[in-house]
Amino acid sequence: MIEVLGLLGLALVVLGAILDLIAALGLVRLPDFYTRLHAATIGAIGGAAVPLVGSALIALSLEELGSVRLAIFGGSLFTSVVVTLVAPIASHAVARAAYRSGEVKPVRLLKDSLSEKRGETT
Amino acid sequence: MRLDEIIMLYFLMVCPIVTLFTVIEKDVMKAIIKSSLQSLSLLMILVTLQAPELVLVYLSIGVGAYSILFISALMVMRRHESNERRAKTFELSTGVVLALLTFLLISAIFVYNVTGGSPSDELKDLGSTYLRIAYNSTAKEWWSKEQRVVVSILWDYRGVDTLFELVVLSTAIVASVASFKLLWSRADKIYRAELSPIPKIGLKIVAALVVVMSSALLLSKFLPGGGFQSGIALAVAPAMLMAAFSGVYERLGFTEWRLTTALVLCVTILAIVALIPIALGGAALQNQAKPWLDFKGFELSWGPLHLTASIKVFDILEAVIVASGFSLTFLFLLAPPEVTVALKEKLRWK
């Protein structure tokens with residue numbers, strides 16, 4: 001059981017590394033700001049929150065650490081929760097600021113419902 | 001008399017003489033050069049005292065950065081140039097200072113092996129002494145009843161030092177807020193934008209988590225931490241909320257009056273708690289009982305919790321002081337642009 005926890009944790013860390021690589025490739029290859037933001041969020045959630053859950057499980061599996069492993073487990077899990085909450089907020093705020101300030105023109109959009117709505121109201 | 005003592009004495013005599021010449025010098029440029037000479041002689045004293053890290057810092061800041069900044073400020077003041085030239089001078093001097101600092105930092109890597117190599121396994125005498133006495137319930141003569149040795153060093157063995165640092169920090173924050181206050185027009189009239197509901201609600205949840213985390217840093221026996229770390233972590237919550245609610249953060253209760261009051265009140269309570277043992281026949285900042293003093297030490301236990309007496313009180317107060325001080329700083333850093341423009345105009349720096 002304990003070994004399974006450790007292996008699961010390692011798998012999550014490896015998954016996080018792969019997702020980070022995908023995010024980095026996306027940042028380089030994707031064409032414009034909004035799609036790149038999508039890739040950056042993959043890096044934040046998949047590349048940070050997922051491996052942190054993995055490290056929590058690995059810490060839980062290391063029985064020789066004694067009660068310290070619980071502290072590492074709690075810290076990792078807590079940080080993972082905070083990252084999961086903060087990363088979408090941050091990307092939302094960045095996207096909103098970019099759209100509303102007009103710095104980034106949404107030229108590649110097929111349909112822009114937000115501008116239609118704003119156009120109607122203002 | 002050894003050679004290094006002779007060198008130290010020589011520079012100890014040179015230093016005040018150069019300082020005197022610096023003060024009575026009429027030409028500002030020559031005064032700057034003499035001031036850097038004085039810094040150099042202080043540097044030599046530090047070399048004889050075998051404090052290489054201090055020498056490095058003092059060399060970069062005292063001799064390098066200060067002189068260059070003074071000289072560039074002098075050039076800006078003296079010559080009546082167009083704004084463009086002035087900006088160029090400023091950029092040039094900033095670049096030189098940054099290059100110097102970068103060079104010193106890189107040289108530190110090679111000279112002191114800052115990044116390479118792990119710290120040695122050998123425990124120094126001082127470290128082993130602290131580890132032996134800090135939580136040793138069989139020999140309570142010097143113990144501090146605190147499991148986190150770093151916290152016990154900060155408050156039990158070097159309490160005056162920490163107290164002094166806290167007073168310096170809070171005085172600096174209150175003083176800068178007081179001087180900023182002269183330029184701070186009540187910003188109620190000025191329009192300030194808020195973020196959308198998603199960050200506002202999300203950051204409220206995260207702020208609650210931050211409070212939990214900082215209290216864990218403050219109270220847990222396992223997590224490395226203490227008052228200062230906990231206070232810094234706690235200060236993140238108001239900073240986030242102020243950014244999200246930039247239009248109405250005063251509605252959340254973070255007014256400069258309340259934060260300043262919390263700061264000053266906590267410093268005062270801290271000083272009183274530090275002085276209570278004297279009234280009871282002990283020493284200032286005393287925590288546990290000592291055989292040669294009348295005061296029998298603080299004993300705090302709330303139900304099942306056996307707290308480490310005055311160290312815990314000091315830690316909590318320190319956390320509040322640091323958190324409110326930094327929140328106060330954020331409050332003024334988030335001043336609306338109109339205030340910042342007024343400040344820049346007063347300083348004539350555009």
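Throughout, protein chains are lettered first and strands after them, A, B, ... in sequence-line order, and every chain is numbered starting at 1.
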Open item on the list: Within the supplied structure, the quantity of interest is the number of heavy atoms (other residues, nucleotides, ligands) at a distance under 6.0 Å from A/His38 NE2; does it exceed 12?
Closed with: no
TODO: Under 4.5 Å heavy-atom distance to chain A, tell me which part of B/Met213 shows up: side chain, backbone, both or neither.
DONE: both
- [ ] Heavy atoms only: give me the nearest A/Ile89-B/Leu203 pair and the separation to one decimal.
- [x] CD1-N, 3.8 Å
Task: Side-chain heavy atoms of B/Val210 within contact of A/Val82, under 4.5 Å - done: no
